[in-house]
> 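Below is one structure. I have some questions about it.
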Amino acid sequence: MLHRPRILRKANSIREMVSETNFQASNFLLPIFIDEGNKIQSEIPSMPGIFRWSLDLLEKELESVLNLGIRSVLLFAKVPDKLKNESCKEAINPEGLLPKSIRFIKEKFPEMIVMSDVALDPYSPYGHDGLVKDGKILNDETVEILSMMSEVHAEAGADFVAPSDMMDGRILAIRNTLEKNHLTETGILSYSAKYASCLYGPFRDALDSAPGFGDKKSYQMNPANRLEAIKEVQMDVNEGADIVMVKPAGFYLDIIREVKDAIHVPVAAYQVSGEYAMIKASAANGWLNEESAVIESLLSIKRAGADIIATYYAKKAAELLRKSK
Ligand code: PBG
C-alpha cells in the first residue's frame, strides 16, 4: 500500500492537526424571540429550550450569551393580534417592539451585533411576508414598506437589517433608502435563497405567524431548484447585500457550497426551527445523542461553505466548544 489514510486518524492530536473545518462561537448568530411585557420567559412547545423573552429578562440572558463568546443576535418580535392589520403599519412604528428592542440591546451591550428581521408576517393578519390584495402578495408595495421598516431599524441602531421576505428588488430599495437617509453604517444581511420549506413550522408557532391562507410558494423558492439560488444571490450582491444567506441549512448543503463558490461576500446559513426540533425530538426519545448531533450538523454546515451560522443551538454549541478546549 502506498497510502494508509488511517495514519492521519490515529490519534486525536493528529485528527485535530489535519482537521479541515473548524468553527467558533463568533461564527454563530443567535435568533431571539421577543415578547411585549414584563417577566416573560415562555417556552415554545415545539422548540424545547427556546423561549420568548420580555426585554427585562432578556438582559440577563444576553449577558450569558456574550460570556459564551456569541456576539451576534437576530431579533424577531411577537406582535399581539390587536396590532396586526392589512396595512402592516405596526412594522414601521418607531416605538414598536423591534425598534425598542434594538435600542435596548445596543444601549446595554454596545459590542453586541444586532440584526433585525425585516418582513411583514408578524404584523399581517394573514401571516404573509408581504401585503395582500385579493389573495395575492403585492411585490412593489411590500418593498416600499420593507424599506421604511429597514430605515426604522437602522435609526434604532441595528447593525444589520435582515430582510427575510423574498420579494423582488428589495435589497436595492433598502440600500437606496439607507443611503438617502445617511444611514451608512447599517449593513444588509439578505435571506437570498430562502426555500418554501416544511421546516419553518415551529418558528411560526413561536410568533403565531402561520399563513392564514395558502402557502409561501409564490415568493419563497422551490426546493427543487439550484440555478435559481445562484441567480437570487447574485442579484442581491449586485443590489448591495453585504452578506447573503441560504435557508434552511441542513437540507440545502449543496446550495450553500454552490453559493460559496459563486460569489465573493460572506455566506450565512440558517439552521431553522424544524432542524432544531428534529434533533430535539429524537434526542428526547433517546434515538440520537443530542450533543453529537449538534456538533455534526453545525460542522457540516460550516464545511459546506457557511461563514456564519444562524442557529438556535448557538449557546449549546458554544458550551460544547468551551468544554472540548
Ligand atoms: C418569516 C420568517 C420565517 C423564518 C424566519 N423568518 C418563517 C417563514 O418564512 O414562514 C423561519 C425561521 C425558522 O424556522 O427558524 N419572514
Side-chain angles (χ1 to χ4, degrees), residues 28-34 44-52 73-79 84 88 90-91 97-98 115-132 137 139 142-143 145-146 149-150 153 160-167 170-171 174 188-223 232 243-252 268-281 297-298 301 306 308-315:
F28 299 143
L29 172 55
L30 175 66
I32 295 194
F33 301 117
I34 301 172
I44 296 144
S46 48
M47 302 179 75
I50 303 297
F51 303 88
R52 291 187 212 102
V73 290
L74 177 59
L75 306 183
F76 297 94
K78 173 158 192 311
V79 179
K84 300 186 185 195
C88 299
E90 179 62 15
L97 184 55
L98 215 43
M115 308 202 185
S116 62
D117 185 61
V118 171
L120 300 182
D121 48 310
Y123 307 92
S124 159
Y126 306 109
H128 276 291
D129 293 37
L131 296 171
V132 176
I137 314 299
N139 193 86
T142 299
V143 167
I145 182 164
L146 294 176
M149 189 176 179
S150 301
H153 292 183
F160 289 83
V161 290
S164 64
D165 56 289
M166 289 300 280
M167 298 299 127
R170 87 269 212 228
I171 302 304
I174 291 170
I188 304 174
L189 179 152
S190 176
Y191 288 65
S192 301
K194 176 171 175 179
Y195 287 87
S197 173
C198 69
L199 295 169
Y200 308 145
F203 173 97
R204 293 172 187 171
D205 293 343
L207 293 191
D208 184 23
S209 64
F213 69 87
D215 52 42
K216 298 192 174 185
K217 290 180 185 168
S218 77
Y219 43 107
Q220 298 178 351
M221 286 177 42
N222 180 350
E232 286 278 5
I243 302 172
V244 295
M245 184 144 79
V246 175
K247 175 183 174 185
F251 288 3
Y252 295 86
Y270 197 146
Q271 183 180 52
V272 299
S273 58
E275 296 176 72
Y276 177 87
M278 285 195 292
I279 296 177
K280 270 283 168 199
S297 66
L298 297 174
I301 294 166
I308 303 161
I309 306 174
T311 173
Y312 301 96
Y313 269 127
K315 282 181 73 184

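Computed from a predicted structure; not experimentally measured. For the single chain, residues carry numbers from 1 onward in sequence order. Indexing begins at 1, ligand by ligand and atom by atom, following the structure's order.
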> Which heavy atom of Met47 sits nearest to which heavy atom of Ser273, and what is that distance?
CE-CB, 3.7 Å

> Can you tell me the protein heavy atom closest to atom 1 (C) of ligand 1 and the distance?
Asp121 OD2, 2.9 Å

> In the protein, which heavy atom is nearest to atom 15 (O) of ligand 1, and how far is it?
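For this ligand atom, the closest protein heavy atom is Tyr312 OH, 2.6 Å.
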
> Quick one: look up the protein heavy atom nearest atom 14 (O) of ligand 1 and list residue, atom name and how far away it is.
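Result: Ser273 OG, 2.7 Å.
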
> Considering heavy atoms of the protein only, find what lies nearest to atom 2 (C) of ligand 1 and give residue, atom and distance to 0.1 Å.
Lys194 NZ, 3.2 Å

> Step through the shown structure and confirm whether more than 12 heavy atoms of other residues, nucleotides or ligands are within 6.0 Å of OH on Tyr219.
yes

> State the atoms of ligand 1, each with its element, that fall below the 4.0 Å cut-off from a heavy-atom position in Gln220.
8 (C), 9 (O)

> Kindly give the heavy-atom pair with the smallest separation between Ala249 and Ile301, and that separation in Å.
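Here Ala249 and Ile301 meet closest at CB-CD1, 3.6 Å.
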
> Find all atoms of ligand 1 within a distance of less than 4.0 Å from any non-hydrogen atom belonging to Ser164, and give their numbers and elements.
1 (C), 6 (N), 16 (N)

> Would you say Tyr270 contacts ligand 1, with heavy atoms under 4.0 Å as the rule?
yes

> Can you sort out which atoms of ligand 1 are near Leu199, meaning under 4.0 Å from one of its heavy atoms?
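So the atoms of ligand 1 that pass are 14 (O).
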
> Relative to ligand 1, is Asp129 under 4.0 angstrom through side chain, backbone, both or neither, heavy atoms considered?
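Looking at Asp129 and ligand 1, just side chain atoms fall under 4.0 Å.
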
> Taking only non-hydrogen atoms of Asp165, do any sit less than 4.0 angstrom from ligand 1?
no

> When you measure from atom 3 (C) of ligand 1 to every protein heavy atom, which one gives the shortest distance, and what is it?
Phe203 CE2, 3.3 Å

> Examine the side chains of Gln271 and Ser297 and answer whether a donor and an acceptor come within less than 3.5 Å of each other.
yes

> Do me a favour and list the nearest non-hydrogen protein atom to atom 8 (C) of ligand 1 with residue, atom name and distance?
Lys216 NZ, 3.3 Å

> Identify, for atom 5 (C) of ligand 1, the protein heavy atom at the shortest distance, and state residue, atom and that distance.
Lys247 NZ, 2.6 Å

> Backbone or side chain, does any N or O of Tyr191 fall under 3.5 Å from an N or O of ligand 1?
no

> Honestly, is Lys194 close enough over Tyr270, meaning NZ or CZ under 6.0 Å from the six-membered ring centre and within 45° of the axis?
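Not flagged: Lys194 not positioned over aromatic ring of Tyr270.
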
> Is any side-chain heavy atom of Phe33 closer than 4.5 Å to a side-chain heavy atom of Leu207?
yes

> Locate the shortest heavy-atom distance separating Ala77 from Tyr123; write the atom from each residue and the value.
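Closest pair (atom of Ala77, atom of Tyr123, distance): CB-OH, 4.4 Å.
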
> Can you tell me how far NE2 of His128 sits from CG of Asp215, rounded to the nearest 0.5 angstrom?
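The distance works out to 7.5 Å.
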
> Between Phe76 and Phe203, is the ring centre distance below 6.0 Å?
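Yes, they do, as the ring centres are separated by less than 6.0 Å.
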
> Could you tell me, atom by atom, which parts of ligand 1 come under 4.0 Å of a heavy atom of Ala119?
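Once the distances to Ala119 are compared, the set is 16 (N).
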
> Look at ligand 1 and say whether Leu207 reaches it with a heavy atom at a distance under 4.0 Å.
no

> Are Tyr313 and Phe28 close enough that their ring centres sit under 6.0 Å apart?
no

